[in-house]
Structures are given as C-alpha cells and as structure tokens.
Amino acid sequence: MRLLTASFLVLVLSPAAILSQSTDTTTQSNAAKLTDNWATYNGDYSGRRYSPMTKINTTTIKQLSLAWTFRIETTTAGGKRISATPLEVNGVLYFTVPSHVWAVDARNGHKIWQFDWESKGGESIGNRGAAVLGNTVYFETEDCNLVAIDLHTGKEKWHVPIGNPDQFYFGSVAPVIVKNHVMVGVSGDDFDIPGYIEAHDPETGALQWRWYTHPNLGDPEAKTWPNEEAMLHGGGMTWVPGTYDPELNLYYFGTGNAQPVINGAARPGANLYTSTICALNPDTGKLVWYFQPNPHDSHDWDAVQTPVLIDGVIGGQRRKLLAQASRNGWFFLVDRTNGKNLISTPFAKQNWTLGLDAKGSPIPNPAKMAQVNGALVSPNQAGAANWYPPSFSPATGLFYVPSYDAFSVYYIYDNNKKPEGWAGNDRGGWSRASLRAIDYKTGKVRWNHEWPNPGGRSGILTTAGNLLFTGDTTTNLVAFNATTGTILWHAGLGNIVSNGPITYELDDIQYVVAAAGDTLYAFVLR
Amino acid sequence: MAIKVMELSPLKKLFLKFAYTLFLLGPAIVPLQAQFPRSSVDPASSDSGSKIYASRCARCHGDDARGTMSAPDLLRSVAVLHDRRQMLYGKELGPLLSNGPNHSFKFNEKELRDLSQFLTASINGILRSGYNAQPTNLLSGDAKAGEAYFNGAGGCNKCHSTMGDLAGVGKKYTPAALQQKFLFPGYGLFVRRKVQVTVLLPSATKYTGDLVQIDDFTVTLREKTGENRSFNRTAKIKVTTEDPFAAHGDLLNHYTDTDIHNLTTYLATLQ
C-alpha cells in the first residue's frame, strides 16, 4: 500500500501543486520527510515528530480504539521501561530496552524475533531505541557496545566498543544513520569523564571519527576552563539522538552537564562545549558552530533536549531555524546555518539567571548555584523539560513540550578545593506539570494545559490531522486539538506513557503506537 | 487507618523518624538505577586500606587520593577504575605498585585487597549516590531575623504557633529535615495533611475527602469513613481541590535564600 500511495501522489501532484502546498508560514523541512513510516528516532531528521497523515484527525479521533498490545518479559538489571521510540520499517516495529531488541509485526503486535545481549554491566536506566539501514538494525548496550543485528533473523552481525565502562560510560542513545555514518552518542554522568560523539561504518562498525565535547588545547574556547585537568574531566555527554539538515550537511545535538556536577567552584568559566548545542559536519566530525544554552551548568540541566529543525519565517524572511526548549527553563531559537541566536526566553518558571550575554546565552546567577547551606532554585534538577521528545507542527506553528514549573534546594556536600563526581545534589520538591504550546517566532506560550497533578512525563507526537498525542502525568494516552489545546480523546494504559508516541500507515490503516512501562499499545480507527 | 505515633514504642518511633528522614533524602541515597556490578565494599577491609594508604601513598597522591602537584589523581586513574569495576582486588595494581615508575612497594595479597577496597570506597563516595546526603552548616543563619520573618513577612504565625504545633520542632527533626519540611511540606511519604477534594454532583450531592487520585478524566477521594469513591469527570460534575500547603507553595516565589537560612536557624532553636 505504501507503493500505491506514492504512485498516486506522483500522478496527481504536479510540481506546481507541490509548490503550492508550501505557502504556509512554515515550509517543509529540506531534511528527509516523514511519510507513512517511522524510519528513525524522530520519524525524520528534522526532530519535529510531525506526521503528514490525516486519517486520524479531529473528527475521526473518537473512533480510535485499541488494536493490539505487546508486553516485554525479558530485562536486564531492572531496565524494563520502554523509553525507546519504536521504528516502523516495512511493516515491522523495532524497539529496545537495555540489552534487548525486539522486531514485532506492526500490524498485529506478534513477535518476529528478540535479540538478547549478554551484558557485562553499566547503567540500565533506559535505552532510547534502534536505527535501521538496509538489512541491519543497530543499537547501543549499557556496557558500551554498538551492536549490528540482521534485520530478518535477529542474529548478531558484529559489535564494536564505543566506550570504557570502567570509567562509567554507558550506552543508552538511539543511533542515527546519516549517509554512511552510524552516529553514536554516549551516556554517563556519575564520574568526571569527557563526553564525545562517534561515527561508525555501517558495514563493518569501524570507527570513522570521534569528536570530544571539549575544545582542543589552544582553542579560544579552552579558556572557558581553568586548566587542562578540569577540561579533560569536564563531562558533556551526548545523551539524546541528534537532528540533521541534508542541505547544510550539519548534524545537530545537545551536550550534557559539566563535571563535577553540582559543585562547579573548581571549574570557573562557561565550560564549553558542555550543555551546548553543537553543529558538526558528519563526514569529518568537525565542529562548524555552537550555541550554549546553559553556561557553567551546576544544576545537572544539560542542553540535550532535541534540537528541532524548523523552516520558518522570521521578520519576513525565510530562515533555516533550530529550536530547543531546554531543561533549564529557557526556549532558544537560533539560525541553524551559523548558530546565531534569535530568541532566548523562559518558557517555564526559573530564578537562576542574571540576564543574557551578547550571544543570547543566559548568565547564571552565582547565588543560585548550590550552596553549603542550600539555595532555592527553579527549575529543579529534573528540569523544566527533559529528554522526552518535543514536537513541532508546521501547520500550527507551535512547538510543544512537556513543561514543569518546579523548585528544589541545591546543596554542596563536598566543599573540597577539588570536588569530584557529584559533590552535592538537590532535595525536595514542589512542582506543577503542564503541556505547553510555544509560538516558535516569539517564544510566547500560546496555550497551556496544566495536568491536575504532577507525575510522569511523556514525549509528544503531532499530525496533519491537527492532533497532538502525549501521555498525561498518570496513565492516560491523550489526544489534543493541536491548535486549541482541547482534549479530544484518551485511553487508560497500564502505566505512564514512557516514550514518544509514533504513527504509521499500513494497508490504508493509520496506527498510533505508544509505550507505557513494559507494554506497547497500538490504536487504529474502528 | 492512621498510625498514632504516641502509641508506638520508642524503637518504632525511632524507626519512623529514620524512615521519614530517609524518604526526604531518598533520591540522593537510593538512586532508582545505578551502575552494575555495584563494586561493593567491605568496610573493615576498606578501613585497613585507608591506613595503608595514609602511611604509604598519601604523601604523594594526597590525603583524599585526588592527586597533588607531584602525583596524579588516583580516583581518576584508569587502572584503579578498572580494578574497581572488575573487582580485581588489587591483582593488576600489584605489579604497578611494585615495578611502576617511582614505586617499589611489596604489598601482600591482603594489603592489595585492602588498598583496592579503600580506593573503591573512595570512588563510590563521589558518585551521584555516594555523598552523605545530609546537608551541613544549615544553622548559619540569624535566628532573630528568622523569628522576625516568622512573625512578619513570612506570615508563618498566621497558621503556626511556636508554643503550639511547632513546640519542640527543633528537637523533633534534624536541621536538614526541618528545612525541607517547611519548604516542601506536601512532599514525601509521611505527609500528614492530604489535598482535600470536593465533588459536586448535578443532584447537589456533595462528596468531600482526601484526594487519592486525579487526572483529567476521573477523580478518587477517600471519605472520613475510609470509603473510596471514584467519579468520572463529566461536564456535569464540579471538582474542586484544596491544597492544605498552598501558602507554603506560594512562599517559594517570595523567599530569599537568606530568609530560608534564617528561618531554619530560628526553628532549630525551638527545642
């Protein structure tokens, strides 16, 4: 049916007709577009998680009913929560939890194969998913391997190391295929180690390049660290899959917190390239530009939230844009050709800044860094946003993000002149949870749905049916009118929605699939 | 059924107090996930290792093994990290200590094991879950200013009395628990006052009780009788909630950190 749909479109849509569809205030991204499948972590390279499918829409949504469920029963070290975004390729779903991969029939939820990795340890907090290229499925293990699996048989083809678990590195990131590169991020912030991103050969697994998330010695940016020792142990993990603009040939991703995490007294400066949005040439692994949403991070806020690519209009001019709703409570819009900041504005409660610097980065208030006797800080460590995928709808021009307004108290526990590791933490909590729709052109909140109580978080999917799917803070999968924020439909699941929902179409039937805890739930119109 | 603390034995009261404190500290003490294998430590062995370290290693590597100008940081040593995670108990450190540059120590198997355990404990101690999560130096504020805040700008005395409900509160809680309790009284397992919810039906029948669960679609309350009642949140029923700690939540937008430090110091004087 996918071929039939494509042929039909070719026949009926002349180039003029296609162009005439690009008259919205935003245009289609030049990145590979999401169609009727879900081929990569974010559906397509743009990170928008916006599907053009319309069978399920604001009118038909009331008919959306459960089609099938699939429950996993194998775990390693308790890692049973499906936080992976499943891929849908040729009628098969591929998804992961730490150390395990499943291929499941996307029509009926029947298991095709299961791959079990014999883990040598690591952290099983979550695994964000797999990548597919040709006949190969790729995923990361918590003991730091990139594993290639035969798409049809589920048997291992090869594996290669991507880090040293002795140093507390672990794998959790969904790889992303960019041309002939398997892009791999690494996780781990228990310990003072530098982050990096790697590209591997998709056929052999051979390392093509590794780019560390710190400057080279002698670079001007190296002056954002007090010394080489601090910089080379300064953190900056690459926790979340990136986005890609094929036309610019730039791969975009955010980096994690600086180390030591909470007591930053021994690393004065902005600590580049931690908590930074980076644009890399995927062929060379060279940094092209950077923008730092969170200089001198001492709250574990990172800046790893998905950098979403928007082709929009600012000041009457068509622009290639990149937007991030960052964990520190600020919304950023930059020109993705060069990283120049266009908008920096809070989208959630925050009390930690002294304003903005000339480049548009927030200036952290030293009084709101952790203190021995405590500092009341907003947001809390869990953040105004977190790794849960946001979404952007070009139809509404709105950027959607699960948002928390929250307070906690940050304490320094280790006032050693050379703190290491965490050296402090935050405690306590007051929070309010909302689904927030932000006008990308201004950063202003267009609509806000506050959940009746704080609780879990979920990723977001939007569609051309003017729908938004996400989980609430309890156990419901909820569909909103994406324009107005009105709830149109919900279904109670067995757990909190634990990933970003996806949609795909097979045999003229549009599916919506979400994970809640250890179970996938698929819905169709009845 | 609520447990009355007064009826409990001193041991049980102590347990409850410990459990309360543990819950407040929960996320810092017991992470939901942690690296595995855990690289556990035998305290006696680690203690012996600390003595060996102090006499043979600290002069160059520093008292806390974090390095000096003359010798590197051992907590960041790849060889030590390898020993820790693989639980080698010094087997591969031994040759380095006997034949490595500037090293000619002939430690026996037990000494190597103890040294390994000390270094493992030192590394475990700097991880997210490793620090003693009890904040220190929380009584550095000005008690008199805290008292003035209590009776003035904070408005605490509108609901609380230092001779009544807060009498002896400084004795009842550690400073860390005390601070958390006035900042976030609605947070934790042992919250004494629940959010109150009222459900008004089209028939004008009203149900009130402790909030058990609420989302956009259903609400559950527990009546004073102990009975749970659930309702669909249809357009015809009206649901209102009342947070007994709303005033505390509002204060979060107004406190300065100095207010918090002063108030903590003042409340701790209420022995």
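Numbered from 1 within each chain, the chains take letters A, B, ... in sequence-line order.
For a residue to count as touching a neighbouring chain, one of its non-hydrogen atoms must lie under 4.5 Å from one of that chain's; by this rule B/L75 touches chain A with backbone and side chain alike. Interface remark: B/L139 contributes no atoms to any contact with chain A (heavy atom separation under 4.5 Å). Interface residue B/H82: backbone and side-chain heavy atoms are both found under 4.5 Å from chain A.
Among residues at least two apart or in separate chains, side-chain hydrogen bond (donor to acceptor under 3.5 Å, both in side chains) pairs with a member in residues 116-126 of chain B are B/D83-B/S116, B/R84-B/N124.
The closest side-chain heavy-atom distance from B/L183 to A/V409 is below 4.5 Å. With a 4.5 Å cut-off on side-chain heavy atoms, A/T474 and B/F217 do not count as touching. Contact check for B/L81 versus A/F191: side-chain heavy atoms found under the 4.5 Å cut-off.
Using a cut-off of 4.0 Å between Lys/Arg side-chain N and Asp/Glu carboxylate O, A/D414 and B/R66 are scored as salt-bridged. Remark: B/D64 does not engage A/K418 in a salt bridge, criterion side-chain N to carboxylate O under 4.0 Å.
Looking only at atom types and distance, the side chain of B/D73 has no donor-acceptor partner in the side chain of A/H233 under 3.5 Å away.
Judged by distance alone, the side chain of B/D257 and the main-chain N or O of A/L376 form a donor-acceptor pair under 3.5 Å.
Residues satisfying the side-chain hydrogen bond (donor to acceptor under 3.5 Å, both in side chains) test with A/D302, not counting sequence neighbours, are A/R327.
Remark: A/E450 CD is packed, more than 12 non-hydrogen atoms of other residues, nucleotides or ligands lying under 6.0 Å away. Remark: A/R432 CZ is packed, more than 12 non-hydrogen atoms of other residues, nucleotides or ligands lying under 6.0 Å away.
Interface remark: of the candidates A/G374, A/G455, A/A375, A/A423, A/A423 forms the most heavy-atom pairs closer than 4.5 Å to chain B.
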